[in-house]
Amino acid sequence: DERKEYILQVLDPVLETLVWAAIVAAPEKPLDFLIDFLRKQQALSDSDHPKHLSLQATNLDLKKQLAQMQDFLQDVGVIVATKADCERKEVAKAQEEDEDEDEEEEDDDAPDEPPPPPVSMSRQRASVSAEAYGSWNQKKPFDPPKHTKTEEQAERLRRILSRSFMFSSLAKADFDVVLLAMKEVSFLPGEQIIKEGDDGDFLCLIEEGNPECKKLIDGEEKVVKKCAPGDIFGELALLYNAKRAASVYATDKCVAWQLDRETFNHIVKEAASRHTGKYVDLLEKVTIFFSLDDYQRVQVSDALKSQTFEKDALVIQQGDEGHDFYIVEEGSLVALKQRDGSEPVEVMQYSAGNYFGELAMLRDEPRAASVKVTSDTAKVLSLDRRSFERLLGPLRELLLKKAVEYT
């Protein structure tokens with residue numbers, strides 16, 4: 001009927017574009033993103049829209065558009081449900097016709113047999129995300145690839161993997177499967193390794209070189225991360241079944257170890273997803289990370305290493321060189337400062353979500369105080385100096401400003 005035709009021919013293309021744009025962008029506030037996206041689409045297609053309006057007229061026009069978009073989005077659920085219902089009826093009708101044909105072709109003298117199992121709803125149209133990634137999600141026997149390596153290559157790769165959070169916690173059998181499945185690849189300076197928006201079917205662990213990650217921002221590719229040996233890139237698309245979040249280019253000769261999606265999904269993904277999700281949730285509660293976007297928080301979480309300390313243990317010692325930055329995951333600690341040979345004095349208390357150790361990193365000075373565990377145990381996440389400077393460089397001024405509050 002006309003309503004169904006309108007949904008399929010007119011609304012469906014709009015909805016697919018809308019949903020796909022949201023999947024690719026993964027906005028923190030989906031409703032605001034969708035409204036802004038639709039407004040931009042309307043501006044591009046409406047050639048009769050006035051080019052010059054007074055400030056008051058523009059404001060009124062935007063308010064009107066906002067109200068219209070909100071009404072439209074509220075109706076989306078009804079529209080999608082209606083479409084799904086139409087498709088379900090079509091599938092049911094097709095099933096009935098198939099069953100009728102089968103009955104007509106049966107031999108009347110044939111012995112009775114048990115009824116066949118219910119027909120799968122495979123003809124029902126999948127969601128946008130299922131259409132995009134369904135081929136990766138099909139269950140099939142797992143036969144990991146095996147790339148032969150020399151003893152020297154295997155030892156090199158083993159050292160790199162053991163330093164990565166994503167692989168270091170694997171059981172020995174799984175670790176050996178991953179090691180054998182990894183393939184050595186090389187890239188020339190300027191060569192594009194992965195492209196933003198593409199499907200992701202592998203990740204790379206860097207052995208040599210310093211590739212750059214770039215994102216398209218305001219129509220221009222901008223560097224969002226500079227990689228170094230030991231870093232991983234391309235894992236986000238595998239972890240979240242998403243399009244590539246950024247492009248990666250080799251800036252010099254790059255040697256990396258490539259791991260395919262299937263091996264990653266079967267061996268690594270579950271542990272890596274738990275690690276990343278847990279730490280991203282914690283970073284969202286740490287005040288200095290409020291200004292980072294989701295992509296940047298994931299990059300920081302990937303570089304964090306967990307450590308556990310018993311009561312009265314010193315995590316850092318006053319006067320030592322500072323090589324790590326710490327975030328408290330669990331437990332309580334205190335900062336103790338000693339002046340002129342006197343007894344240490346408590347100057348700060350820490351609990352989950354607090355951080356310490358940044359002063360020695362920012363000022364390149366010895367530790368200004370000791371930090372001791374006061375709870376039965378404490379878990380802290382550490383970020384080494386190289387990762388700290390690479391990932392938290394944009395927060396330098398904010399960290400220095402915060403430091404003034406307790407120095």
Side-chain angles (χ1 to χ4, degrees), residues 28 163-166 168-169 271-338 343-407:
E28 190 172 326
R163 294 197 297 267
S164 168
F165 86 89
M166 198 172 284
S168 60
S169 60
S273 295
R274 286 197 304 268
H275 174 285
T276 301
K278 179 181 179 181
Y279 292 166
V280 167
D281 288 344
L282 177 63
L283 293 179
E284 288 177 346
K285 301 171 185 175
V286 181
T287 55
I288 60 164
F289 297 130
F290 285 172
S291 61
L292 298 183
D293 59 27
D294 291 340
Y295 179 81
Q296 291 170 316
R297 289 194 191 103
V298 169
Q299 296 302 312
V300 173
S301 72
D302 285 353
L304 293 172
K305 295 180 181 178
S306 181
Q307 297 175 266
T308 301
F309 294 89
E310 300 296 324
K311 186 173 184 178
D312 294 329
L314 291 178
V315 180
I316 61 176
Q317 175 77 52
Q318 183 175 345
D320 287 353
E321 290 186 18
H323 300 292
D324 296 282
F325 166 74
Y326 297 91
I327 301 170
V328 182
E329 184 179 3
E330 297 176 7
S332 57
L333 309 92
V334 293
L336 302 171
K337 193 172 182 67
Q338 188 176 27
E343 287 295 314
V345 177
E346 181 180 313
V347 293
M348 183 70 66
Q349 296 181 350
Y350 302 107
S351 57
N354 295 149
Y355 60 90
F356 60 89
E358 77 283 7
L359 288 180
M361 314 278 271
L362 292 168
R363 299 172 179 171
D364 198 22
E365 298 175 347
R367 297 294 191 189
S370 300
V371 174
K372 185 174 77 171
V373 177
T374 55
S375 53
D376 290 338
T377 61
K379 290 180 69 175
V380 298
L381 305 174
S382 63
L383 194 66
D384 63 52
R385 177 181 287 275
R386 182 174 62 85
S387 299
F388 178 85
E389 293 173 350
R390 175 170 54 86
L391 298 171
L392 301 185
L395 302 179
R396 182 180 180 85
E397 293 304 319
L398 177 59
L399 286 165
L400 285 170
K401 183 179 179 181
K402 288 282 186 181
V404 173
E405 297 176 6
Y406 57 89
T407 56

Sole candidate of Gln307, Lys305, His323 that passes side-chain hydrogen bond (donor to acceptor under 3.5 Å, both in side chains) when paired with Ser382: Gln307
Those residues that, when tested against Phe309, pass ring-ring contact (aromatic ring centres under 6.0 Å, His included) (two or more places apart): none
Contact list for residues 361-381, test ring pair (Phe, Tyr, Trp, His ring centres under 6.0 Å), sequence neighbours left out: none
All side chain to side chain contact (heavy atoms under 4.5 Å, CB included) counterparts of Ser370, not counting sequence neighbours: Leu314, Gln317, Gln318
4.5 Å side-chain heavy-atom contact, Tyr326 and Ile316: yes
Set of residues satisfying salt bridge (charged side-chain N to carboxylate O under 4.0 Å, His left out) with respect to Arg367, sequence neighbours excluded: none
Atom of Val328, atom of Val380 and distance for their closest heavy-atom approach: CA-CG1, 4.3 Å
Note, Lys311 side chain near Asp376 side chain (heavy atom, < 4.5 Å): yes
Lys337 versus Ala368, closest heavy-atom pair with distance: NZ-O, 2.8 Å
Contact summary for Leu283 and Ser301, nearest pair of heavy atoms: CD1-N, 3.9 Å
Pairs meeting criterion salt bridge (Lys or Arg N to Asp or Glu O under 4.0 Å) with involvement of residues 319-328, two or more places apart: none
Smallest separation among heavy atoms of Val373 and Ser375, with atom names: CG1-O, 3.4 Å
Arg385 to Gly322 - nearest heavy-atom pair and separation: NH2-O, 2.7 Å
Minimum-distance pair of heavy atoms, taken over all atoms of Met361 and Phe325: CE-N, 3.9 Å
Flag, side chain of Thr374 to backbone of Ser332, donor-acceptor distance under 3.5 Å: yes
Residues in side chain to side chain contact (heavy atoms under 4.5 Å, CB included) contact with Glu284, at least two apart in sequence or another chain: Val280, Asp281, Asp294, Arg297
Non-hydrogen side-chain atoms of Leu383 and Tyr355 separated by less than 4.5 Å: no
